[in-house]
Amino acid sequence: MDDKHMQIGEVAARTELSLRTIRHYEETGLVIPSARSQGGFRLYTETDVARLMVIRRMKPLGFTLDQMRDLLDATDHLDARDELDPDEREALLQRVREYERSAAEQVEKLRVQLARAEEFATALRARLPEQEPVRP
């Protein structure tokens, strides 16, 4: 699955993150490129892109870099081929559940904010006169 390597430009285009942001996530240890080319260019896999997408989705919900790292660590352990004892597995799943609950709470807050913003825009629109026809 991860045989194909991509350079940072392709990853940036696919994730809609800037090169600078991707490099920052590397510096903070959130997403380390899977390989380097002979010329030293960063090379990423689909797994790396998936990690970046998790981060991209967490950021607007207000999660910190430490929280992102913690969630990625938990999911990495759950996805690893190593056998987990039942207690360890349950503890990891509990961490993921907590992040899911936090995300759901943030989504609801954003829905409320969006509804208020839409009401505001509608109220402003109502105060404006009908648009006059555009003159050629």
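For the single chain, residues carry numbers from 1 onward in sequence order.
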* Asked: Who passes salt bridge (charged side-chain N to carboxylate O under 4.0 Å, His left out) against E119, sequence neighbours left out?
  -> none
* Residue R20 excluded, over 12 heavy atoms near CZ under 6.0 Å -> no
* Asked: Between CE of M53 and CD of E46, what distance do you get to the nearest 0.5 Å?
  -> 11.0 Å
* Quick check: are there more than 12 heavy atoms from other residues, nucleotides or ligands sitting under 6.0 Å from CZ of R89? -> no
* I22 versus T15: any side-chain heavy-atom pair under 4.5 Å? -> yes
* Checking side chain to side chain contact (heavy atoms under 4.5 Å, CB included) for the pair R36/R42: CA distance, chi angles, key distance, verdict? -> CA-CA 5 Å; R36 293 267 181 173; R42 294 166 177 87; 3.5 Å; yes
* To do: Taking the side chain as every heavy atom from C-beta outward, state whether M6 and L43 have any pair of such atoms under 4.5 Å apart.
  => no
* With sequence neighbours left out, what residues match E10 under side-chain hydrogen bond (donor to acceptor under 3.5 Å, both in side chains)? -> K4
* Step by step, work out the side chain to side chain contact (heavy atoms under 4.5 Å, CB included) result for V11 and L52. => CA-CA 9 Å; V11 173; L52 284 165; 3.4 Å; yes
* Can you name the residues that form a side-chain contact (heavy atoms from CB on, under 4.5 Å) with L110, not counting sequence neighbours? -> L61, Q113
* Asked: Can you name the salt bridge (charged side-chain N to carboxylate O under 4.0 Å, His left out) partners of R57, sequence neighbours left out?
  -> none
* **side-chain hydrogen bond (donor to acceptor under 3.5 Å, both in side chains): pairs with one or both residues in residues 61-76, sequence neighbours excluded** => R51-D76, T64-Q67, D66-R69, D70-R95, D70-Y99, D73-H77, D73-R95
* Of all residues at least two apart in sequence or in a different chain, which pass the side-chain hydrogen bond (donor to acceptor under 3.5 Å, both in side chains) check with Q94? -> R97
* **Inter-residue atom distance L78.CG - L92.CG, 0.5 Å rounding** => 4.5 Å
* **For R111, salt bridge (charged side-chain N to carboxylate O under 4.0 Å, His left out) partners two or more places apart** => E108
* **Distance (rounded to the nearest 0.5 Å) between S37 OG and H5 NE2** => 10.5 Å
* If you measure from CD on E90 to CG on L84, what distance do you get to the nearest 0.5 Å? -> 11.5 Å
* In the hydrophobic cluster built from side-chain contacts under 4.5 Å, what are the other members alongside F120? -> L124
* Structure fact -> On a heavy-atom basis, the closest approach of T45 and S34 is OG1-OG, 3.4 Å
* To do: Not counting sequence neighbours, list each pair that qualifies as a ring pair (Phe, Tyr, Trp, His ring centres under 6.0 Å) and has a residue in residues 10-61.
  => none
* Grab the two heavy atoms, one from A74 and one from V96, that are nearest each other, plus how far apart they are. => CB-CG2, 4.2 Å
* Asked: Is V112 reachable from V107 through a run of I, L, V, M, F, W or Y residues, each pair having side-chain heavy atoms under 4.5 Å apart?
  -> no
* To do: Have a look at M68 and tell me which of V31, T28, I55 forms a side chain to side chain contact (heavy atoms under 4.5 Å, CB included) with it.
  => I55
* **side-chain hydrogen bond (donor to acceptor under 3.5 Å, both in side chains) partners for R23, two or more places apart** => none
* Just jot down the side-chain hydrogen bond (donor to acceptor under 3.5 Å, both in side chains) partners of T122, sequence neighbours excluded, or say none. => none
* Taking salt bridge (charged side-chain N to carboxylate O under 4.0 Å, His left out) as the test, write out the residues that go with E118, two or more places apart. => none
